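Each chain gets a letter, A, B and so on, in the order the sequences are listed, and its residues count up from 1. What you see is a predicted model; the values in this text were computed from it and never measured.
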Number of protein chains: 2
Amino acid sequence: MPKRVDHEARCAEIAEALLRVVDRQGLEGVSLRSVAAEAGVSMGRVQHYFATKDQMMTHALIYVHRRIYRRVAACLDPRSPRALVRSAIIEMLPLDDERRSEARIAFAFLARSGVDPVFAATLREGYPYHMVFFAQQIRLAQAAGEAHPGLDPEQEAVLLFALTQGLVNPTLIGFHTEETVTQAVDLHLDRIFTAVGPEASTGG
Amino acid sequence: MPKRVDHEARCAEIAEALLRVVDRQGLEGVSLRSVAAEAGVSMGRVQHYFATKDQMMTHALIYVHRRIYRRVAACLDPRSPRALVRSAIIEMLPLDDERRSEARIAFAFLARSGVDPVFAATLREGYPYHMVFFAQQIRLAQAAGEAHPGLDPEQEAVLLFALTQGLVNPTLIGFHTEETVTQAVDLHLDRIFTAVGPEASTGG
DNA sequence: TGTTTTGCAATGCGATCGCATTGTCAAATG
DNA sequence: CATTTGACAATGCGATCGCATTGCAAAACA
């Protein structure tokens with residue numbers, strides 16, 4: 001085997017450049033040339049790692065999902081199930097430049113999933129993860145007496161995740177402020193969790 | 001003034017063709033040529049009515065919003081505030097081909113609003129309408145003793161609309177079934193409205 | 001040392017893009 | 001009847017697109 005480079009790292013560089021392009025110009029701004037220029041590499045290099053534009057886009061979609069997942073996972077507040085769920089939700093909302101950027105990117109791919117079966121499949125596979133996470137936390141809270149016992153954790157997870165996703169765009173385009181949107185989240189969490197630790201109201 | 005045609009109707013024809021293109025191929029599929037071909041007219045005609053592509057897109061955005069608004073308004077169930085709100089929500093979810101089509105279209109523009117200030121402004125202007133509609137219905141229900149009196153109608157409207165929007169994509173890509181999603185909606189409505197008429201459970 | 005294979009860079013092709021220009025035809029106006 | 005003006009159709013231009021092709025340098029292997 002001849003000259004060896006870190007294949008995965010090179011793919012990641014290209015993916016990150018692509019995401020920066022999407023952040024600024026949407027999916028329409030993505031071309032082999034624009035991504036190569038953004039990454040500061042030649043177009044040939046991009047083609048070397050991704051045979052087609054579609055492959056490049058799909059890889060970037062998976063890549064950004066992992067990136068969001070890691071960022072959310074790193075910010076989880078373990079003090080209680082409620083705090084855990086709340087920190088995850090807040091972290092998914094576009095409340096600073098980094099999260100706004102990722103919200104723009106995620107939305108671009110989300111829209112594409114409506115017309116692209118491959119993207120739709122990728123997203124469909126990602127949904128259950130969020131659902132079981134929320135459901136599990138609600139279940140834990142119920143067991144600890146910190147959530148209303150009559151609730152169906154799966155149903156509540158569906159509501160919770162939908163609520164979170166539905167708050168993203170209004171926040172992104174400036175309809176909601178951080179205060180407005182966190183109030184909305186806390187209001188809904190009050191209907192699931194009984195014990196409101198002070199950390200859940202002040203954190204965030 | 002020479003040969004006169006129905007200017008608005010011609011613009012609408014082009015807008016509808018554009019929306020069909022977006023439905024199938026997303027915003028990226030939109031070009032002067034593709035829209036003209038879809039409308040069955042010449043490219044010159046499209047240019048005659050819209051000086052630039054951006055003008056054409058903006059007009060289509062406003063056009064589809066009006067179309068959705070009219071469709072929802074035509075389906076409202078006036079039997080009670082709850083039924084009214086529920087019918088509006090259900091009508092906004094992609095549960096048949098027509099609504100799936102409009103959901104795809106709306107999502108495409110929604111994503112674009114993240115990078116296009118003009119689109120963002122258009123959407124921002126539309127949000128308050130939904131909010132006051134939901135808030136007003138909740139207020140009416142409270143006055144009639146059909147909703148929990150302690151709730152803040154504005155806050156509940158924010159939650160309700162976010163929930164609705166957040167359910168769109170999972171339903172669109174097939175993660176939710178009609179049964180799943182209507183259960184989620186009804187579950188949330190149960191927390192706002194006290195009186196559950198039989199029409200609210202069977203309708204929709 | 002020569003061969004092979006990876007990792008690119010460079011270039012070109014046909015298609016398509018937004019947009020400008022020009023020409024034509026019909027109807028209202030003088 | 002002549003002129004004007006709105007409603008197009010047709011064409012072309014420069015830029016950009018995805019993708020294929022070609023070539024070459026360097027490193028592992030024989």
Value in whole Å for how far the P atom of D/dC17 lies from CD of A/E28: 13 Å
message: Taking atom types as they are modelled, would you say the side chain of A/R33 forms a donor-acceptor pair with the base of D/dG18 within the 3.5 Å cutoff?
response: yes
query: Can you check the A/H48 NE2 to C/dA10 C1' distance for me, whole Å?
result: 15 Å
field: Whole-Å gap separating P (C/dT5) and NE2 (A/H7)
entry: 18 Å
Whole-Å distance separating the CZ atom of A/R45 from the C1' atom of C/dT6: 13 Å
- request: Counting heavy atoms from C-beta on, name the nucleotide in D/dC8, C/dG7, D/dC19 closest to the side chain of A/M43.
  value: D/dC19
statement: Side-chain contact check for A/L32: nearest option of C/dC8, D/dG18, C/dC19 is D/dG18
statement: Of the listed D/dC19, D/dC8, C/dC17, the closest approach to the A/K53 side chain comes from D/dC19
- prompt: Reckon B/V46 touches a base, only the sugar-phosphate, or nothing at all at heavy-atom distances under 4.0 Å?
  reply: nothing
5'-most by nearest nucleotide on DNA chain D - A/Q47 or B/V41: B/V41
field: Lys NZ or Arg CZ of A/R112 over A/F119 ring: under 6.0 Å, within 45°
entry: yes
field: N or O in side chain of A/S31 less than 4.0 angstrom from D/dC17 OP1/OP2
entry: yes
